[in-house]
Enquirer: 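There's a structure below that I have some questions on.
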Amino acid sequence: MADDPRTLNPKASEETLVSLLRLDPSPIDSPPIYDKELPPLPEEASQLSSHNAKPSLATSTSTLGLSGSGSGHGPIFYLSRVQRYSSYTFSFFASLHIANTSIFPLIYQSVPYSEPFLLMAREIYQTPLTEPLLVALPVVAHVTSGLAIRLLRRRQNLKRYGGHTHHVRIWPPLSYISVSGYAFVGLLASHVSMNRILPLVVDGDSSNIGLQFVSHGFARHPLPPWIAFSLLLSVGVGHMVWGWAKWLNLTPPANWKKTTIDKQLRKRRRRAWWGIHGIAVAVTAVWAAGGLGIVARAGPVEGWLATVYDNIYIAIGH
C-alpha cells in the first residue's frame, strides 16, 4: 500500500508557528479599547439573570445610569472617559505653551520680543478660574483615573484567580505610555514648583516669571536646567504623542513584535510604531529648538529683575 505523500514531506506553516508560539501568562492585558468590561463570572451571571427578573428595578437604575451590569458600563468605562477627556484639556494648554516657549522665539529669534506673547497667553490659562480648569484639575483627574483603572484591573484579576496566582501576573502590564506618564508627572511637578510655587514663596508674586527667568537660570548654572528641560521635553512630548495615538487607535498592540506572525500585518504595525516615534521626535526637536536653542542661550537679565531672579534661584541653591 502506497504511503500518503503528505506524511513524507512535512512542512512548517504559519499555522504551526502560531500554535507553537508561547506567550507569557497575562490574564487581563490592557485592551485596545479601555472601556470594555470583562465578562462576568458564572456566579455573577446567575446573579445578573436573577436581577433581570425584576424589570421595574432594572429599568429604573439603568435609565439613571446607576447600574453597571444593566447598562453594560462599569467603573472602568467612566474612569477611562475621565482619563481621555482630561487629556484633551491639557493638550489645549500644551499647544499654547509650545507656541509661547518655542514657536515665537524661533520666529523672532529674541526672548524680549517673544515675552509679550507669553504674557498674553497667560490671560487665557493662568487666571484664577482657567488655571485650575485647564491645567490643575485635568492633570489630577488624568493621573487618578489611570491609577484607579489599574487598581480595578488588579481587583478583577484577584477575583477571577483567587489564590492561584503563582504564575499569573496580577497587576496589569506597564506600557511605555504608563511609565512615561508617571515620569512626566514628577517632571511636571518640579517644573510647576520652580516657575509658579517658588516665586510665590520667595517673592510673593509670580507675574515676573517668564522666558527671561528661564534664560537667567541657564546663564547662572547651565547644566541642571539643561538636564531638567531635556527630560521634561522628551518624556512629556513622548507621552502626549503616544497617548493621542492611542486615543486614535493608531498604536500597535503590546508585544506586537513577538505576537505578530503575518508579514503584512507586521509591516503595518512596524510602520505605525516608527511613525509615532517620528512624530514624537519631530515635536520634541521643534520645542527644543526654540526653548533650548533660543531661550536658554539668551543670557542673563540685568537691573532689578536680575535681583528678583537671583533671590529665587539662591533659595534652592542654584
Side-chain angles (χ1 to χ4, degrees), residues 28-38 64-66 68 71-102 118 121-156 171-197 231-251 253-254 276 279-280 283-284 287:
I28 303 177
D29 202 349
S30 299
I33 301 177
Y34 282 95
D35 54 17
K36 281 188 176 180
E37 292 292 331
L38 293 171
L64 294 172
L66 302 176
S71 62
H73 299 330
I76 293 178
F77 175 87
Y78 297 104
L79 286 171
S80 65
R81 271 146 181 75
V82 171
Q83 189 181 39
R84 178 168 186 157
Y85 297 136
S86 60
S87 67
Y88 293 177
T89 309
F90 188 80
S91 297
F92 172 72
F93 160 74
S95 63
L96 291 176
H97 206 53
I98 188 176
N100 298 319
T101 59
S102 176
L118 179 64
R122 283 180 175 175
E123 298 300 319
I124 300 176
Y125 63 76
Q126 211 172 86
T127 67
L129 177 63
T130 58
E131 188 171 23
L133 292 178
L134 294 179
V135 185
L137 288 179
V139 171
V140 172
H142 191 75
V143 175
T144 54
S145 59
L147 290 173
I149 290 174
R150 288 188 59 81
L151 292 174
L152 287 173
R153 291 292 187 193
R154 181 181 183 274
R155 190 179 70 174
Q156 289 177 340
W171 284 99
L174 275 174
S175 63
Y176 164 78
I177 299 178
S178 300
V179 174
S180 62
Y182 296 137
F184 185 37
V185 169
L187 294 168
L188 184 62
S190 64
H191 182 70
V192 172
S193 300
M194 188 68 202
N195 291 274
R196 292 287 289 149
I197 299 176
L231 289 174
L232 180 65
L233 291 182
S234 58
V235 174
V237 171
H239 177 74
M240 288 186 285
V241 170
W242 274 89
W244 269 100
K246 195 176 192 68
W247 297 145
L248 297 174
N249 293 324
L250 299 176
T251 56
I276 298 169
I279 295 174
V283 176
T284 303
W287 208 326

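As the structure is a prediction and not an experimental result, all values here were calculated from the model.
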Enquirer: Do Val179 and Phe184 come within less than 4.5 Å of each other through their side chains, counting heavy atoms only?
Expert: no
Enquirer: Can you see which heavy atom on His142 is nearest to which on Gln83, and at what distance?
Expert: ND1-O, 2.8 Å
Enquirer: Atom CD1 in Ile279, atom OG1 in Thr284: separation rounded to 0.5 Å?
Expert: 11.5 Å
Enquirer: Using every non-hydrogen atom in the two residues, find where Ser145 and Leu79 come nearest and quote the distance to one decimal.
Expert: CB-O, 3.6 Å
Enquirer: Are the side chain of Thr251 and the backbone N or O of Ala245 linked by a donor-acceptor pair below 3.5 Å?
Expert: no
Enquirer: To the nearest 0.5 Å, tell me how far Leu96 CG sits from Thr101 OG1.
Expert: 10.5 Å
Enquirer: Using only atom types and a distance under 3.5 Å, with no angle test, would you say the side chain of Arg150 pairs donor to acceptor with the backbone of Trp171?
Expert: no
Enquirer: Shortest non-hydrogen contact from Leu232 to Leu188?
Expert: CD1-N, 4.0 Å
Enquirer: Kindly indicate whether the side chain of Lys246, heavy atoms from C-beta on, has any atom under 4.5 Å from the side chain of Trp242.
Expert: no
Enquirer: Would you say Ser180's side chain and Tyr176's backbone share a donor-acceptor pair under 3.5 angstrom?
Expert: yes
Enquirer: Are Val241 and Ile276 packed together at the side-chain level, in the sense that at least one heavy-atom pair is separated by less than 4.5 angstrom?
Expert: yes
Enquirer: Can you check whether Tyr182 reaches His239 side chain to side chain, under 4.5 Å on heavy atoms?
Expert: no
Enquirer: Do Gln156 and Ile76 touch side chain to side chain, with heavy atoms closer than 4.5 Å?
Expert: yes
Enquirer: What's the spacing between Ile149 CD1 and Ser178 OG if we round to 0.5 Å?
Expert: 9.5 Å
Enquirer: Which one of Phe90, Tyr85, Phe92 satisfies the ring pair (Phe, Tyr, Trp, His ring centres under 6.0 Å) criterion with Tyr88?
Expert: Tyr85
Enquirer: Might you work through the side-chain contact (heavy atoms from CB on, under 4.5 Å) test for Thr89 and Leu137, ending with a clear yes or no?
Expert: CA-CA 9 Å; Thr89 309; Leu137 288 179; over 6 Å; no
Enquirer: Which atom names give the shortest non-hydrogen contact between Phe93 and Leu134, and what distance separates them?
Expert: CB-O, 4.1 Å
Enquirer: Mind listing the closest non-hydrogen atom pair of Ala94 and Met240 along with its distance?
Expert: CB-SD, 4.0 Å
Enquirer: Of the non-hydrogen atoms in Thr127 and Pro132, which two are nearest, and what is the gap between them?
Expert: O-CD, 4.0 Å
